[in-house]
Protein chains: 2
Amino acid sequence: MQTLETKDAPSPFRTRAEKMQDRADKREAVLRAAVRMFNAHGFHATSLDDVAASLGISKPTIYHYLGNKEQVLIECVTRGLEPLRSAAEQARAQAGSGLERLRRFLIDYARTNMDDFGRCMVRTGDELLSPASAASIRARKREIDATLRALIAEGIADGSIAPVDVKMSAFALAGALNWPARWHDPAGPDSPETIATGLVDMLIGGLAPR
Amino acid sequence: MQTLETKDAPSPFRTRAEKMQDRADKREAVLRAAVRMFNAHGFHATSLDDVAASLGISKPTIYHYLGNKEQVLIECVTRGLEPLRSAAEQARAQAGSGLERLRRFLIDYARTNMDDFGRCMVRTGDELLSPASAASIRARKREIDATLRALIAEGIADGSIAPVDVKMSAFALAGALNWPARWHDPAGPDSPETIATGLVDMLIGGLAPR
DNA sequence: CGACAAATCTACTGGTGAGTATATTGCTTA
DNA sequence: TAAGCAATATACTCACCAGTAGATTTGTCG
């Protein structure tokens, strides 16, 4: 019987779903190659010819999958933002004290800022994007920030967090946890996990002795 | 008597010292114009023609004062780094507990990161510079970081700072205090002074209640 | 005065890289 | 089997911009 393809004898005739998957895979491969090069050399110093060459394809192929260079960047940033959005959603739904939920969120936040897309997201300033795209991305970042501030406020309300200045604390936390996007070396000895918990513990405990 | 120029009758014949000053002033003006445009639109999106136009001069005049575009950026970054170097020097010389000296240093650090040159310094990643210049600047930044770590270690030794992980804490502090270079709006309601103390107080106290 | 140096301009060169026109191949579907 | 579409390539165009050549002006110094 041979009505469905099997693993052993994959048919060269792809179904529609397979072809859509194929296309999505290729798009993804372009983005992964691009984000690595953006992180390594910067957006402007990376030409789409370079990205194409690194994949053994030609530039028009990239244009076939992604409309233009800015679109490539936007997709990378979007992929970097998505885990944050999802972590924020979870944090809002979770039970527990404000501090407990915040801690969980901060660790997720720090960790995803160290993967390829997260790093690109953090490092992509407004000036690299068209005004419209910059605004759209800023809006999404603002939502993450709103969650961060809400968690801090809830912690203060339930007594699990000291009565700090919410806005300043949110900026301090974000800054401390974004910064690894610029210095963390994936090849180095410290895993993202270790760094994330190290940073968060310091931020929660502070420098002054207790 | 008219042997020396007076404020009322400034001679049009400049002395050698005056001309050197004049030259330095013009160099400075170029750098100030450039750093503002770099901060607003990014290094690559700012052409030297734009900078020249904003001063009502022509591009070759910029080349007359500064060798090339990278040199302009390097000078901007250097000017952003200098106050940090000087604050670090002071902090090392000062008396007081580790925490007191660290606090003073952190506030200076945060404040200077919000002026034009400081912002440019923070935002200029290695990828914008030639390998040689990037290395030189990285070395200078490493010295600041060494001071930061030394102050933390001293504070731990004298008991004014909790026994935190020195490296992680230094990164967390630097990140939190560098971040305003990306979000602070000089036209906004919060002065650099306010932000600096707000951030530092939160970092010293931590989030957890005492 | 005459030569030199500083300061500045206009007008160019040369390289780079985003984005496109167009051709080709092969699969899908009416 | 013809039409149409997806995927891909080669070989362009076009704009921009760093950097330079060379002319000009003006003040300085021997």
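Since we're looking at a predicted model, the values are computed, not measured. Naming convention: chains lettered A, B, ... in sequence-line order (proteins, then strands); numbering from 1 in each chain.
- Between the P atom of C:dA7 and the CG atom of B:Leu66 lies a distance of 13 Å, rounded to the nearest Å.
- At least one cation-pi condition fails for B:Lys69 and B:Tyr63: the charged atom is not both under 6.0 angstrom from the six-membered ring centre and inside a 45 degree cone around its axis.
- Between the side chain of A:Thr194 and the main chain of A:Asp190, no donor-acceptor pair closer than 3.5 Å is present.
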Distances under 3.5 Å between protein N/O atoms and the N/O atoms of nucleotides 17-22 of chain C, please, pair by pair.
from	atom 1	to	atom 2	distance (Å)
C:dA18	OP1	A:Lys69	NZ	2.9
C:dA18	OP2	A:Leu48	N	3.0
C:dA18	N7	A:Lys59	NZ	3.0
C:dG19	OP2	A:Tyr63	OH	2.9
C:dG19	OP2	A:Lys69	N	3.0
C:dG19	N7	A:Lys59	NZ	2.7
C:dG19	O6	A:Lys59	NZ	2.8

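- A donor-acceptor pair is defined here as one N or O able to donate and one able to accept, closer than 3.5 Å; no such pair exists between the side chain of B:Arg111 and the backbone of B:Glu193.
- To the nearest angstrom, C1' of D:dA18 lies 14 Å from CG of B:Leu73.
- No side-chain N or O of B:Thr112 forms a donor-acceptor pair with one of B:Asp115 less than 3.5 Å apart.
- Close to D:dT8, at under 4.0 Å from its OP1 or OP2, lies no side-chain N or O of A:Thr61.
- At D:dA6, none of the side-chain N or O atoms of A:Arg23 fall inside 4.0 Å of OP1 or OP2 (strictly under the cut-off).
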Which donor-acceptor pairs under 3.5 Å do the side chains of residues 170-183 of chain A make with protein atoms, sequence neighbours left out?
from	atom 1	to	atom 2	distance (Å)
A:Asn178	OD1	A:Tyr109	OH	3.3
A:Asn178	ND2	A:Ala174	O	3.2

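- Atom CG in B:Leu55 sits about 11 Å away from atom P in C:dT8, given to the nearest Å.
- Rounding to whole angstrom units, NE2 of residue B:His64 and P of D:dT24 are separated by 19 Å.
- Relative to the side chain of A:Tyr65, the nucleotides D:dA9, C:dA7, D:dA7 differ in distance, and D:dA7 lies closest.
- For B:Asp22 and D:dT26, the CG to P distance is 16 Å, given to the nearest whole Å.
- Between the side chain of B:Ser133 and the backbone N or O of B:Leu129, no donor-acceptor pair lies under 3.5 Å.
- Straight-line distance from the CD1 atom of B:Ile57 to the C1' atom of C:dA7: 11 Å, rounded to whole Å.
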